[in-house]
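Reading through the structure tokens given below for one structure.
Proteins come first, then strands; the chains are lettered A, B, ... in the order of their sequence lines, and each starts at number 1. Note that this is a predicted model, so its numbers are computed, not measured.
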Amino acid sequence: MVPLSWYLVVAALLFGIGVYGVLARRNAVAILIGLELMFNAVLINVVAFWRYLHPAQVPGLVFAVVIFAVAAAEVAVGLALFIAVYRRFGSSDVDDINLLKW
Amino acid sequence: MVTTFVFVVAAAVLLVAALIAVLKNNLVHAAMGLVVSLFGTAVLFVLLEAYFLAVAQVVIYVGAIAILIVFSIMLTRRVGAQWGNQTNPTWPFALLAAGVLTVLFALMVRGWNPDQALPAAEAVPGDVTARLGAALVNPGGYVVPFEVASVLLLAALIGAVYVAWGGRKAEKSTQR
């Protein structure tokens, strides 16, 4: 079996890539893509810890299922917001959304 | 041996696809990178013997979330517009922050060294999917988080429809 640390390192790299996407992207939907990558890194960690620490019990899997539901809710609301913002500003570029900025 | 090989291939594909997802200027290509990355995660779940989660990953993430993202990319774009540069001018700082975070995580894993510190993983006993299903509807188990998740999804769906609909006023303002 692959050592646990390999999973943790892959998840850390994926999380880092996601953070870069969230911080460096201009388009709101692209920021959401980065957010999804971060969610996935967390899921890999949760499932890996379940498998290596308590494979006989289910709480780790229940936790992962709840994360799935929260991620789906987050994406649905986020995309709806971006579509509303696009309608208001004619752009989904976060630099153009500056009503609260002086 | 086979497991190691599959892990290395899946992890490499997953990370390269994730890089495509955050670096490509064409957002449709970026969304495809996200899809491949999510598939790679599903492969890792199979390797971790979480078969239900692997299937749920493909159905929920690849089947629903990725399609939603592709749809909203297509909805929020002017017809015929070029993609142009999709990166902020401050991207070096983003790279710095992400790099520092990743290095800190890697140092943490190295300092803890879970392969030495933890006992070897036991085998997964029995049918874990059946036990997960039973635990999710068992009043003594996890039925409350399960129901809270469903209420959250319902609330999110109603909210999403309300926010994205915008009513008749919004219809008029898009026709400018």
Go through Arg110(B) and Val9(A) one step at a time and tell me if the side-chain contact (heavy atoms from CB on, under 4.5 Å) criterion holds. CA-CA 9 Å; Arg110(B) 203 167 149 217; Val9(A) 167; over 6 Å; no
Say whether Gln57(B) and Asn40(A), considering side chains only, have a donor N or O and an acceptor N or O under 3.5 Å apart.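 Yes, side-chain donor-acceptor contact under 3.5 Å.
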Can you tell if the side chain of [X] reaches within under 4.5 Å of the side chain of [Y], non-hydrogen atoms only?
X	Y	answer
Arg26(A)	Pro89(B)	yes
Tyr86(A)	Ser72(B)	no
Trp50(A)	Val128(B)	yes
Val163(B)	Val77(A)	no

Do [X] and [Y] sit in one hydrophobic cluster, given that two such residues count as connected whenever their side-chain heavy atoms are within less than 4.5 Å of each other, even indirectly?
X	Y	answer
Ile69(B)	Leu14(B)	yes
Leu19(B)	Val28(B)	yes
Val22(A)	Phe93(B)	no
Val109(B)	Leu15(B)	yes
Val2(B)	Leu44(B)	yes

Hey, would you say the Tyr61(B) and Phe39(A) ring centroids sit under 6.0 Å apart?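 Tyr61(B) vs Phe39(A): aromatic centres not under 6.0 Å.
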Minimum heavy-atom distance between [X] and [Y], given as atom pair plus value:
X	Y	answer
Ile60(B)	Ala72(A)	CG2-CB, 4.4 Å
Arg25(A)	Ala30(B)	NH2-CB, 3.8 Å
Val22(B)	Gly21(A)	CG1-CA, 3.6 Å
Ile44(A)	Leu48(B)	O-CD1, 4.4 Å
Thr4(B)	Val2(A)	CA-CG2, 4.0 Å
Ala160(B)	Ala76(A)	CB-O, 3.7 Å

Using non-hydrogen atoms only, which part of Leu118(B) is less than 4.5 Å away from chain A: side chain, backbone, both, or neither?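 Looking at Leu118(B), just its side chain touches chain A.
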So what's closer than 4.5 Å to chain A heavy atoms on Leu47(B): side chain, backbone, both or neither?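 Looking at Leu47(B), backbone and side chain both touch chain A.
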Residue, of [options], that accumulates the most heavy atom pairs under 4.5 Å with chain A:
options	result
Asp115(B), Leu153(B), Asn85(B)	Asp115(B)
Val8(B), Ile73(B), Leu95(B)	Leu95(B)
Thr102(B), Leu75(B), Leu157(B), Leu104(B)	Thr102(B)
Leu23(B), Leu96(B), Val161(B)	Leu23(B)
Thr3(B), Leu101(B), Thr41(B), Leu38(B)	Thr41(B)

Just give me the residue among [options] that pairs up with chain B most often, heavy atom to heavy atom, under 4.5 Å.
options	value
Ala12(A), Gly16(A), Ala24(A), Ala11(A)	Ala24(A)
Val94(A), Leu79(A), Leu81(A)	Leu79(A)
Pro59(A), Ala30(A), Ala64(A), Gly34(A)	Pro59(A)
Pro3(A), Ser5(A), Ala56(A)	Ser5(A)

Distance, nearest 0.5 Å, that separates [atom1] of [X] from [atom2] of [Y]:
X	Y	atom1	atom2	answer
Phe68(A)	Phe52(B)	CZ	CZ	8.0 Å
Leu23(A)	Asn88(B)	CG	CG	9.0 Å
Ile17(A)	Ile20(B)	CD1	CD1	10.5 Å

Angle class for the Tyr7(A)/Phe7(B) ring planes (parallel below 30°, perpendicular above 60°, tilted otherwise)?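 Because their plane-to-plane angle is over 60°, the rings of Tyr7(A) and Phe7(B) count as perpendicular.
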Taking the inter-plane angle between the rings of Tyr20(A) and Trp91(B) on a 0 to 90° scale, is it parallel (under 30°), tilted (30 to 60°) or perpendicular (over 60°)?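 Answer is perpendicular, since the angle exceeds 60°.
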By the definition side-chain contact (heavy atoms from CB on, under 4.5 Å), identify the one residue from Val66(A), Val58(A), Leu61(A), Val62(A) that meets it with Leu136(B).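 The option that passes is Val62(A).
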Please classify the contact of Ala41(A) with chain B as side chain, backbone, both or neither, using a heavy-atom distance under 4.5 Å.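 Neither part.
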What part of Ile31(A) lies closer than 4.5 angstrom to a heavy atom of chain B: side chain, backbone, both or neither?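 The answer is neither part of Ile31(A).
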I'd like to know whether Ser37(B) forms a side-chain contact (heavy atoms from CB on, under 4.5 Å) with Leu14(A), so could you lay out the CA-CA distance, the side-chain angles of the two residues, the decisive distance to 0.1 Å, and finally the verdict. CA-CA 9 Å; Ser37(B) 178; Leu14(A) 191 62; 4.1 Å; yes
Is Arg87(A) reaching over with its side chain to a backbone N or O of Ala164(B), donor-acceptor style, under 3.5 angstrom?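 It does hold such a pair.
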Just by distance, do the side chain of Arg51(A) and the backbone of Phe45(B) share a donor-acceptor pair under 3.5 Å?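 Such a contact is absent between Arg51(A) side chain and Phe45(B) backbone.
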Kindly determine whether Ile65(B) and Glu36(A) satisfy side-chain contact (heavy atoms from CB on, under 4.5 Å), including the steps that lead there. CA-CA 9 Å; Ile65(B) 292 180; Glu36(A) 289 309 311; 4.0 Å; yes
Could you go through the side-chain contact (heavy atoms from CB on, under 4.5 Å) check for Leu8(A) and Phe105(B) one step at a time? CA-CA 9 Å; Leu8(A) 300 185; Phe105(B) 281 147; over 6 Å; no
Please indicate whether Phe49(A) has more than 12 foreign heavy atoms, meaning atoms of other residues, nucleotides or ligands, lying under 6.0 Å from its CZ.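 Yes, the 6.0 Å shell around CZ holds more than 12 heavy atoms from other groups.
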